Structures are given as C-alpha cells and as structure tokens.
Amino acid sequence: MKILLQAGIVGLGLIVGSTAFAQDWAASCGHEPKAPALNVSNVSNYNSSVEHYTAYDKAARAYYGCVAKSAHAKQAAISQKAAADMEPYKKVTTEVRTRITANLTKMQTELKAGGKKLGAKAKK
C-alpha cells in the first residue's frame with residue numbers, strides 16, 4: 001500500500017510540474033480573460049451581457065492566438081532538438097543496416113556461385 005501511495009504522489013508531482021511549466025510560458029501572453037457572468041433577466045441586462053460576451057470573445061481569441069503561437073514555437077524547438085539528438089543513433093543504425101545488407105548480399109552471391117559450381121539444384 002505504501003509503494004502505491006508513493007508512486008501516486010510521484011505521478012501527481014509530474015503532472016503538477018508539467019502544468020506549472022505550461023503556465024510559465026502561457027503567462028507571457030498575459031492573463032487569460034475571465035468569462036463574464038451573463039444576466040438575461042431583462043432587455044437592459046441582456047444587451048449588457050451581449051457586450052460583455054463580445055468583449056470576452058475578442059479578448060479570449062487574442063489570448064488563445066498568443067498561447068497557440070507560443071506553444072507552436074516551443075514545440076518546433078523541442079522537435080528540432082529531438083531530431084538533432086536522434087541523429088547519431090539514426091546514423092549508426094543506417095550504417096549497421098547497410099553493412100549487414102552488403103554482407104548478406106555478398107554471402108548469397110558466393111553461396112549461389114558455389115552451389116552452381118558444385119551442381120546443387122536451385123531452391124524453388
């Protein structure tokens with residue numbers, strides 16, 4: 001039971017940490033606009049609510065645009081770094097694949113020639 005509780009706390013810490021990180025860069029866009037309370041009890045309140053809604057819509061779209069642009073920039077930077085970090089592994093696996101393919105091709109050619117020389121029947 002104690003192990004499960006500790007794992008849960010560690011997992012929660014990772015989630016909270018990720019959220020805090022996301023909020024740090026999102027904060028560079030200012031504060032997220034607060035959704036207004038609407039009041040449609042009479043015509044005057046309704047008209048006022050429409051104005052609040054319109055203002056919120058405009059501010060929320062601008063805020064979201066900023067956050068999305070910032071997130072895209074961060075994601076692109078992370079992707080570029082990850083691609084650069086993976087390059088040595090990609091290079092090694094490509095070299096190994098090329099070397100093994102060349103070895104197999106050479107050995108198949110030698111076996112085929114040797115079999116032909118020794119009168120072996122070709123496999124179907």
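Just so you know, these numbers come straight off a predicted model, no measurement behind them.
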Spatial distance of atom [atom1] ([X]) from atom [atom2] ([Y]) [nearest 0.5 Å]:
X    : Y    : atom1 : atom2 : result
E95  : K90  : CD    : NZ    : 12.5 Å
N47  : N39  : CG    : CG    : 11.5 Å
T109 : K106 : OG1   : NZ    : 10.0 Å

Without hydrogens or angle criteria, can the side chains of N42 and S44 be said to hold a donor-acceptor pair below 3.5 Å?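 No donor-acceptor contact under 3.5 Å links the two side chains.
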Report the hydrophobic cluster partners of V96, with the cluster defined as I, L, V, M, F, W, Y residues connected by side-chain heavy atoms closer than 4.5 angstrom, directly or transitively.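 Under the 4.5 Å side-chain rule, V96 groups with V92, I100, L104, M107.
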Are the side chains of K112 and K116 in touch, meaning some heavy atoms are under 4.5 Å apart?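 Result no, sub-4.5 Å side-chain heavy-atom pair not found.
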Side-chain heavy atoms of T94 within contact of R97, under 4.5 Å: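 A side-chain contact under 4.5 Å exists here.
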Could you pull out every donor-acceptor pair under 3.5 Å between side chains of residues 62-70 and any protein atom, sequence neighbours left out?
none

Single-linkage hydrophobic cluster, 4.5 Å side-chain cutoff, Y53 and Y46 together: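 No, Y53 does not connect to Y46 through the hydrophobic network.
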Only pairs at least two apart or in different chains count here, so list each salt bridge (Lys or Arg N to Asp or Glu O under 4.0 Å) that has a residue in residues 35-57.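 Those involving residues 35-57 are D57-R61.
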